[in-house]
Amino acid sequence: MGLSQTELLLELEQVVQGNLDRHLSVAKEWFPHEYVPWSEGRTFKGVLDGDPWSPDDSPMSEVARSALIVNLLTEDNLPSYHHEIAVLFGREAAWGEWVHRWTAEEGRHGAAIRDYLLVKRAVDPVDLEGARMNHMSQGYANVNRESLLGSLAYVSFQELATRVSHRNTGRVTGDPLCDQLLARIAADENLHMIFYRNLLAAALELDPDQTMQAITDVVTTFEMPGADIQGFQRKAVEMAVAGVYDLRQHRDDVVMPVLRFWKVFDVEGLNADGEAARDELVAFLDRLDVQATRFEDKRDSLKARMAARLE
Ligand SMILES: [Fe+2]
Ligand SMILES: [Fe+2]
């Protein structure tokens, strides 16, 4: 019988405290307002009788707009994420301090990206607000709610996935200022990933079998937190084709580095359930590798066809 949820929370309390202290010592203070070129903004049509938005207001590509919208809507659901982790981690002592600090840091991300997009007129502000209302009204439910280990595994991958997505979105915008803002946000996501990754590493030592099963469950069912954004599938395909976030990056740059950090392939002394979970994980990663290659091949031939058409 593995440790209970309460036992895990108590056992990990010291690790949370240590990593919270570490986080606070390395996290750099930054100010979202400094990243937004306010003087480029113009009043919009509506109450203040400004200019209507037009797609010609910004030279940004369709895929860059899609990626920014997905990333922003994902950040926008912060109240739901806060609820989920506050319920799971509690609001006391080191766990609670992390919950609030993390929420405060994440709060900058959506605010900064929205300010940026509106000042630069990069997206339709009415559509954006509609999408935000729609997305937040659905809320976000943590599918690993019953499992502290599953939740810690999920957020380890998710924070890194978000980092990769922000970073590559910055690049495809072709806008150095936007790239700079998203790189700043991506640096926060990286520190969040490190926090959760270290916690799960400690859990893997405390209860390797249960933790291995949680890791396998999460990796084999992983979905991005914004997966229920309206029109997500189409945008996700666009983003994958543009190399903002594709299966190869998911496997090689998000899942594998974290698994290697945890040394999941080298853990010894697992019981039958733990070994079975690891076997399932390895088989899944092999299939993911095949799928990623297949996608890359398809994308290459699509690009070759498009290039031929332009000649
Ligand atoms: Fe964020
Ligand atoms: Fe984050």
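Numbering of ligands and ligand atoms starts at 1, following listing order.
Seen from the Fe ion (ligand 1), atom ND1 on H109 and atom OE2 on E75 lie at an angle near 100° (rounded to 10 degrees).
In E106, the N, O or S atom that comes nearest to the Fe ion (ligand 2) is OE2. Closest N/O/S atom of E189 to the Fe ion (ligand 1): OE2. Restricting E159 to its N, O or S atoms, the one at the least distance from the Fe ion (ligand 2) is OE1.
For residue H192, an N/O/S atom approaches the Fe ion (ligand 2) to within less than 2.8 Å.
The aromatic rings of H109 and H166 stand perpendicular to each other, their planes meeting at an angle above 60°, with 30° marking the opposite boundary.
If you check the side chains of E105 and H192, you find a donor sitting under 3.5 Å from an acceptor. Side chains of W30 and D188: a donor on one and an acceptor on the other come within 3.5 Å.
A distance-only check finds a donor-acceptor pair linking the side chain of S151 to the backbone of S147 [under 3.5 Å]. A distance-only check finds no donor-acceptor pair linking the side chain of R108 to the backbone of P32 [under 3.5 Å].
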